[in-house]
Amino acid sequence: MDSTLTPDERRAASHPPRHVAIIMDGNGRWAAERGFSRIRGHRAGAESIREIVRSAGELGVRYLTLYAFSVDNWKRPTREVSALMRLLATFLSREEAGLQKNGVRLRAIGRIDGLPREARAALGGVIARTAGNTGLTLILALNYGGRSEITDAVRALCLKSARGELRAEDVDEEMISAHLNTAGIPDPDLLIRTSGEMRLSNFLLWQISYAELYVTPVYWPEFRRAEFVQALLDYQTRERRFGCSSANPARQGRQ
Ligand code: FPP
């Protein structure tokens, strides 16, 4: 284990969750409390992304899914939406070298076809160029909604059925999982939400069935390495039961 880690970090890294998913909330409130524009709040949020991606890899997390833009975020003012899309493209081009250096593989979930062309191109480029990396898998949820994802999976299954490739009785949980955007990615073990709201906001509705929840009042721009380590340490105190009366290692192995 890395000797440069602090004692808390070492403890967090001794038994990290395999997959952490984060609802990054509070950029707007963080900015408003300081008299800044919301866009400046999002820029500060992008700095937190950089720090958490790096920390997650160093602490042994294998998958990190970040809710970066929801299907409902299009309802925000056009100026804010455009700024977020530009920020995405800038973030990707600025961070690519760091992602490569740290062996991070980028993926995206959501209705990616619905993103502006420049954002799609930037995303597609980094996804392709990091595809061979074997460190942390960073999954950006963009134009993402849990209900739309499930709807798309049901449509795909119906199409297969109509073509005679599938019988209704063959549909099981594994098959549904395999038709979601997250096919092949283990379900999150830990879901973090910043800025205190107790909501799921249409994030990974199918996949978080057995995830541990951690809600912190800290706004996303202030959620940095130390806060992430606290979340991982809190996760270690949970007894995961998966619906059984005692922890079931077989099920834990699957998750
Ligand atoms: C919520 O803050 C945050 C988002 C809209 C998504 C996260 C976006 C970033 C971290 C910045 C951009 C990074 C990329 C890669 C696009 P909010 O505006 O809902 O905060 P509020 O609830 O306090 O208003």
Side-chain angles (χ1 to χ4, degrees), residues 20-57 63-99 102 104-112 114-127 130 136-146 148 191-204 215-225 227-228 231:
V20 179
I22 308 185
I23 300 175
M24 307 178 288
D25 195 14
N27 295 347
R29 275 162 285 173
W30 178 88
E33 284 180 13
R34 286 157 182 79
F36 300 155
S37 68
R38 293 181 58 79
I39 291 161
R40 187 152 164 199
H42 295 315
R43 268 193 241 119
E47 290 301 312
S48 289
I49 295 184
R50 170 199 284 147
E51 190 165 320
I52 298 308
V53 169
R54 194 181 171 142
S55 302
Y63 299 87
L64 176 68
T65 302
L66 301 178
Y67 205 2
F69 194 88
S70 82
V71 286
D72 297 311
N73 286 156
W74 299 107
K75 296 175 198 144
R76 293 187 176 210
T78 317
R79 220 168 81 84
E80 185 176 348
V81 170
S82 310
L84 278 166
M85 291 302 145
R86 273 198 309 277
L87 191 53
L88 171 65
T90 318
F91 174 83
L92 291 169
S93 76
R94 278 214 196 119
E95 297 305 316
E96 181 171 357
L99 297 178
N102 293 308
V104 176
R105 178 171 60 143
L106 181 70
R107 288 185 60 166
I109 57 171
R111 290 179 171 166
I112 301 305
L115 295 176
R117 195 159 41 87
E118 303 74 35
R120 251 183 5 241
L123 196 61
V126 181
I127 289 174
T130 60
L136 174 80
T137 298
L138 169 64
I139 302 144
L140 292 182
L142 290 159
N143 194 18
Y144 177 85
S148 358
L191 172 70
I192 298 173
R193 181 168 188 143
T194 59
S195 97
E197 314 286 354
M198 301 282 187
R199 292 195 280 276
L200 296 178
S201 300
N202 200 15
F203 189 41
L204 298 175
V215 177
T216 169
V218 174
Y219 294 145
W220 176 250
E222 289 181 325
F223 189 89
R224 299 291 168 105
R225 187 179 180 97
E227 285 71 28
F228 187 63

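Note that ligands are numbered from 1 as they come in the structure, with each ligand's atoms numbered from 1 the same way.
- Every atom of ligand 1 is numbered from 1 in the order shown, and the set under 4.0 Å from a heavy atom of Asp25 is 1 (C), 2 (O), 17 (P), 19 (O), 20 (O), 21 (P), 22 (O).
- Using a 4.0 Å heavy-atom cutoff, Ser195 is absent from the residues neighbouring ligand 1.
- Met24 O, 3.1 Å is the protein heavy atom nearest to atom 3 (C) of ligand 1.
- The 12-atom threshold is not exceeded at CZ of Arg54, counting heavy atoms of other residues, nucleotides or ligands nearer than 6.0 Å.
- Annotation for ligand 1: atoms under 4.0 Å from non-hydrogen atoms of Arg29 are 21 (P), 22 (O), 23 (O).
- The distance from ligand 1 to the heavy atoms of Trp220 drops below 4.0 Å at these ligand atoms: 10 (C).
- A donor-acceptor contact shorter than 3.5 Å links the side chain of Asn202 to the backbone of Gly146.
- For the 3.5 Å distance criterion, the side chains of Arg105 and Thr130 fail to qualify, holding no donor opposite an acceptor.
- Between Phe203 and Tyr67, the ring-plane angle classifies as parallel under the 30° and 60° cut-offs.
- Ranking the protein heavy atoms by distance from atom 2 (O) of ligand 1 puts Asn27 N, 3.3 Å first.
- Looking only at protein heavy atoms, the nearest one to atom 11 (C) of ligand 1 is His42 O, 3.3 Å.
- Scanning all protein heavy atoms for the shortest distance to atom 18 (O) of ligand 1 gives Arg38 NH2, 2.7 Å.
- The nearest protein atom to atom 5 (C) of ligand 1, hydrogens excluded, is given as Arg76 NH1, 3.8 Å; this is a heavy-atom distance.
- For ligand 1, the atoms closer than 4.0 angstrom to any heavy atom of Gly28 are 17 (P), 18 (O), 20 (O), 21 (P), 23 (O), 24 (O).
- Summary of contacts: the protein heavy atom closest to atom 6 (C) of ligand 1 is Ala68 O, 3.2 Å.
- Counting heavy atoms from C-beta outward, Val104 and Leu64 have side chains that stay 4.5 Å or more apart.
- With values rounded to the nearest 0.5 angstrom, Phe223 atom CZ is found 11.5 Å from Met24 atom CE.
- Residue Leu204 is tested with Ile139, Thr65, Leu191 for a side-chain contact (heavy atoms from CB on, under 4.5 Å); the sole match is Thr65.
- You'll find the side chain of Arg50 reaches within 4.5 Å of the side chain of Glu95, heavy atoms only.
- For the pair Arg76 (side chain) and Val81 (backbone), a donor-acceptor distance under 3.5 Å is absent.
- Here the heavy atom of the protein found nearest to atom 12 (C) of ligand 1 is Leu87 CD2, 3.5 Å.
- Among all non-hydrogen protein atoms, the one lying nearest atom 14 (C) of ligand 1 is Ile49 CD1, 4.2 Å.
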